[in-house]
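Accompanying notes for the structure given below.
When a ligand or atom number is given, it counts from 1 through the structure's own listing order. FYI, side chains are in, hydrogens and waters are out, and symmetry mates aren't considered; it's all heavy atoms of this structure.
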Amino acid sequence: MEAAAPLVSVRQLGRSFDVSAPAIQRLLTGSPRRSVRAVDDVSFAVDPGTTFAIVGESGCGKSTLTRLVAGLDSPTEGEVRLRGRDGGPVRIQMVFQDPVGSLNARWRIGRSIAEPMPKDMDAAARRARVAELLQTVGLSPGDAAKYPHEFSGGQRQRIAIARALAGEADLLLLDEPTSALDVSVQAQVLNLLKDLQDRLGLTYLFISHNLAVVRFMADRLGIMYLGRMVEEGPAEVLFGAPAHPYTRQLMATVPDVDNPQRDREPVAFEIPSPLNMPPGCTYSPRCPLAMEICRRERPMLRDRTNGTRIACHAVEG
Ligand SMILES: Nc1ncnc2c1ncn2[C@@H]1O[C@H](COP(=O)(O)OP(=O)(O)OP(=O)(O)O)[C@@H](O)[C@H]1O
Ligand SMILES: [Mg+2]
């Protein structure tokens, strides 16, 4: 069988934000224009029916990248290509961390779920589809008449997922979808997402800073640091043999499931501000392996023989 074409191809994607002070203030103080490169030269591809996880600390550009893929924001460099099966369009839905913010508190949840459905669908068909979707996500058809406050956090996230499915999505952009939930509820929602993927052939772009969650969900994984992708590849390879010093550091701080109280390795340095990026490798100020070249020359993402890509001067092979 021929390998399927990627559903998502991101090529040399960049997004800068102008964060200059207002013009008059710059004139008075002589301060220059400033910009933040939230996403910087990022490339990756996601195959249909798989989960690609983006991992990195707060501020590394995960949400900006997601918004670019969703078409909610435009890149300043590069492009996002979406190609459905048979070359058709790709229907995208997003699920956010906070399901409260994505559901209208004054609407019965049946109405929220039905909102992304095609405009020409009649009322009876909508009701039937809402009932079916509620069952799909493990709730009951009668729940359609209730309001968001009548549900728990985990149930509300199930409702947000039902709403995403109502839009007949091919691609779900999941931005920290379970990080606001208790651990046991989190596991149930993750299991639901996996099950839906198997049944419906969905493709996921999964954003998380929780590596235990990523390990459970991801087929491939991209590690981001200050807007750049520093390592990328099949999840089992990266978890088995993380090579980039940053990936290694992240993986060393994964909470131990058997012993969650165990002291974690502390993060040694503050993350540099994206306003004030160091030259060369942006990770070099924190890196235990940093050499002279790292402070001078930016490492490009290159292929390794094990099927991963890495941007690091210090890692051989
Ligand atoms: N509209 C904007 N205007 C100015 N700067 C922005 C804007 N959106 C994002 N940024 C900056 O871009 C960088 C990346 O932000 P982003 O929200 O994508 O990070 P993130 O990885 O999603 O973080 P978190 O884990 O906290 O959600 C940050 O430095 C942020 O301050
Ligand atoms: Mg974010």
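Below 4.0 Å from some heavy atom of Ser63 lie the following atoms of ligand 1, by number and element: 17 (O), 18 (O), 20 (P), 22 (O), 27 (O).
Here Phe52 and Phe44 bring their ring centres to under 6.0 angstrom of each other.
Using modelled atom types, one finds a donor on one side chain and an acceptor on the other under 3.5 Å when comparing Asn306 with Thr308. A donor-acceptor contact closer than 3.5 angstrom links the side chains of Gln197 and Thr51. Between the side chains of Gln12 and Ser43, not a single donor N or O lies within less than 3.5 Å of an accepting N or O.
Within the set Gly59, Gly227, Ser16, Ala38, the minimum heavy-atom distance to atom 23 (O) of ligand 1 is found for Gly59. Looking at Gly56, Ser35, Ser58, it is Ser58 that brings a heavy atom closest to atom 26 (O) of ligand 1.
The shortest N or O to N or O distance between Val19 and ligand 1 is not below 3.5 Å. Any N or O atom pair closer than 3.5 Å counts here, and Glu176 shares no such pair with ligand 1. Not one N or O of Val36 is nearer than 3.5 Å to an N or O of ligand 1, by distance alone.
Between Asp41 and Arg298 a salt bridge is recorded (basic side-chain N to carboxylate O distance below 4.0 Å). Remark: Glu77 engages Arg37 in a salt bridge, criterion side-chain N to carboxylate O under 4.0 Å.
Residue Ser63 counts as close to the Mg ion (ligand 2), with an N, O or S atom under 2.8 Å.
With a heavy-atom cut-off of 4.0 Å, Leu65 does not touch ligand 1 at all.
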